[in-house]
Amino acid sequence: MRPLLFSLITLVLFSCNQESNNTTDLQNRIDSLELKLADTYKPGFGDFMGILQTHHSKLWFAGQHKNWKLADFEVHELMETIEDIQKFQSDRQETPLMTMIIPPLDSIAKAIEQKNAALFRTSYRSLTNACNTCHQAVEMEFNVVTIPETSPYTNQDFKPVN
């Protein structure tokens with residue numbers, strides 16, 4: 001009986017020690033992955049602003065040519081970029097202010113849905129003004145957004161495909 005009890009105790013202790021080793025190994029792997037994640041590239045706020053500027057411009061030319069499908073696509077790209085800013089730049093003071101461009105984007109989406117060029121232009125001006133209001137609020141007033149006059153995208157036709 002005694003050898004059986006000794007064997008059982010030894011097995012339990014070995015199992016406990018094995019579990020502790022597994023826990024330590026797992027914790028080491030978690031720590032290593034956390035370090036790798038911390039070093040993973042994360043777009044900067046300026047990178048996102050450049051993306052917004054691109055889609056802001058393309059949206060204007062799509063609307064001017066009444067290419068409502070492209071305009072709708074660009075509105076969604078703007079929204080996606082805002083969501084990415086909220087996800088990847090949540091610690092920035094500017095991020096909560098980004099929501100001020102949502103109402104003009106909603107208005108633009110409504111204009112696109114109605115295929116209403118006049119409402120589109122008015123809503124686009126509101127969007128542009130909201131961008132500048134945000135820049136002023138975060139003391140970046142030197143970044144002035146305007147309605148584009150000429151497309152920098154010479155390799156894109158903004159006219160709708162029939």
Side-chain angles (χ1 to χ4, degrees), residues 22-23 25-162:
N22 285 343
T23 302
D25 289 344
L26 287 173
Q27 187 61 52
N28 289 338
R29 289 176 66 192
I30 290 169
D31 293 345
S32 173
L33 289 172
E34 285 177 344
L35 283 173
K36 287 179 183 178
L37 279 174
D39 289 338
T40 302
Y41 173 74
K42 174 173 93 167
F45 208 83
D47 297 324
F48 286 120
M49 289 295 111
I51 293 167
L52 287 174
Q53 184 177 11
T54 296
H55 294 298
H56 178 265
S57 181
K58 288 184 170 198
L59 174 60
W60 174 252
F61 291 108
Q64 290 308 105
H65 286 93
K66 296 182 174 106
N67 187 341
W68 303 120
K69 284 184 180 182
L70 178 57
D72 184 60
F73 174 80
E74 294 300 339
V75 165
H76 286 91
E77 290 298 302
L78 286 163
M79 291 301 297
E80 268 184 31
T81 304
I82 292 167
E83 290 168 6
D84 287 344
I85 290 169
Q86 291 169 334
K87 178 179 179 181
F88 293 108
Q89 293 293 328
S90 60
D91 57 332
R92 292 287 296 251
Q93 67 168 0
E94 300 93 331
T95 299
L97 297 174
M98 295 293 301
T99 58
M100 72 174 56
I101 69 173
I102 303 298
L105 282 174
D106 289 343
S107 184
I108 290 170
K110 184 177 176 183
I112 292 167
E113 184 180 317
Q114 296 174 0
K115 298 180 180 178
N116 183 331
L119 179 58
F120 177 88
R121 284 189 297 278
T122 302
S123 300
Y124 190 88
R125 277 189 210 93
S126 293
L127 173 63
T128 303
N129 290 338
C131 291
N132 288 316
T133 300
C134 186
H135 291 170
Q136 291 165 2
V138 296
E139 298 178 358
M140 298 276 187
E141 67 285 345
F142 51 87
N143 281 324
V144 179
V145 180
T146 63
I147 295 174
E149 295 176 15
T150 57
S151 172
Y153 306 101
T154 57
N155 63 339
Q156 182 169 4
D157 188 352
F158 289 94
K159 292 181 225 118
V161 178
N162 294 329

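Count residues from 1 along the sequence. Computed from heavy atoms alone, side chains included, the values below leave out hydrogens, waters and symmetry copies.
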Side chain [X], main chain [Y], donor-acceptor under 3.5 Å:
{"X": "D47", "Y": "G44", "answer": "yes"}
{"X": "Q53", "Y": "V145", "answer": "no"}
{"X": "S32", "Y": "N28", "answer": "no"}
{"X": "T95", "Y": "D91", "answer": "no"}

Measure the spacing between [atom1] of [X] and [atom2] of [Y] and express it to the nearest 0.5 Å.
{"X": "I82", "Y": "Q89", "atom1": "CD1", "atom2": "CD", "answer": "14.0 Å"}
{"X": "H65", "Y": "S151", "atom1": "NE2", "atom2": "OG", "answer": "9.0 Å"}
{"X": "I101", "Y": "D106", "atom1": "CD1", "atom2": "CG", "answer": "10.5 Å"}
{"X": "L97", "Y": "Q136", "atom1": "CG", "atom2": "CD", "answer": "12.0 Å"}
{"X": "L59", "Y": "L52", "atom1": "CG", "atom2": "CG", "answer": "11.5 Å"}
{"X": "I108", "Y": "T122", "atom1": "CD1", "atom2": "OG1", "answer": "10.5 Å"}

Worksheet entry | Over all atoms of both residues, closest heavy-atom pair of A71 and A62 | N-CB, 3.6 Å

What I'd like to find out is whether the side chain of [X] reaches to under 4.5 Å of the side chain of [Y], using heavy atoms alone.
{"X": "I85", "Y": "M49", "answer": "yes"}
{"X": "H56", "Y": "L127", "answer": "yes"}
{"X": "R125", "Y": "I147", "answer": "yes"}
{"X": "Q86", "Y": "T99", "answer": "yes"}
{"X": "S107", "Y": "S126", "answer": "no"}
{"X": "H55", "Y": "V75", "answer": "no"}

Worksheet entry | Single hit among W60, F73, F61 for ring pair (Phe, Tyr, Trp, His ring centres under 6.0 Å) with F158 |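 So the option named by the test is F61.
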
Practice prompt. For the residue pair F88 and F48, categorise the inter-ring angle as parallel (less than 30°), tilted (30 to 60°) or perpendicular (more than 60°).
Written response: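 Aromatic pair F88/F48 classed parallel.
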
Worksheet item: Using the ring of each side chain (for Trp, its six-membered ring), is W68 parallel, tilted or perpendicular to F120, with breaks at 30° and 60°?
Response: perpendicular

Discussion item. The test is side chain to side chain contact (heavy atoms under 4.5 Å, CB included); show your working for D72 and H76 and say whether it passes.
Written reply: CA-CA 6 Å; D72 184 60; H76 286 91; 3.2 Å; yes

Worksheet entry | Audit row: M100, M98, side chain to side chain contact (heavy atoms under 4.5 Å, CB included) steps and yes/no | CA-CA 5 Å; M100 72 174 56; M98 295 293 301; over 6 Å; no

Item to complete: Go through Q27 and D31 one step at a time and tell me if the side chain to side chain donor-acceptor pair (under 3.5 Å) criterion holds.
Response: CA-CA 6 Å; Q27 187 61 52; D31 293 345; 2.8 Å; yes

Discussion item. A quick test of your reading: do over 12 heavy atoms of other residues, nucleotides or ligands sit less than 6.0 Å from CD of Q156?
Written reply: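 Yes.
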
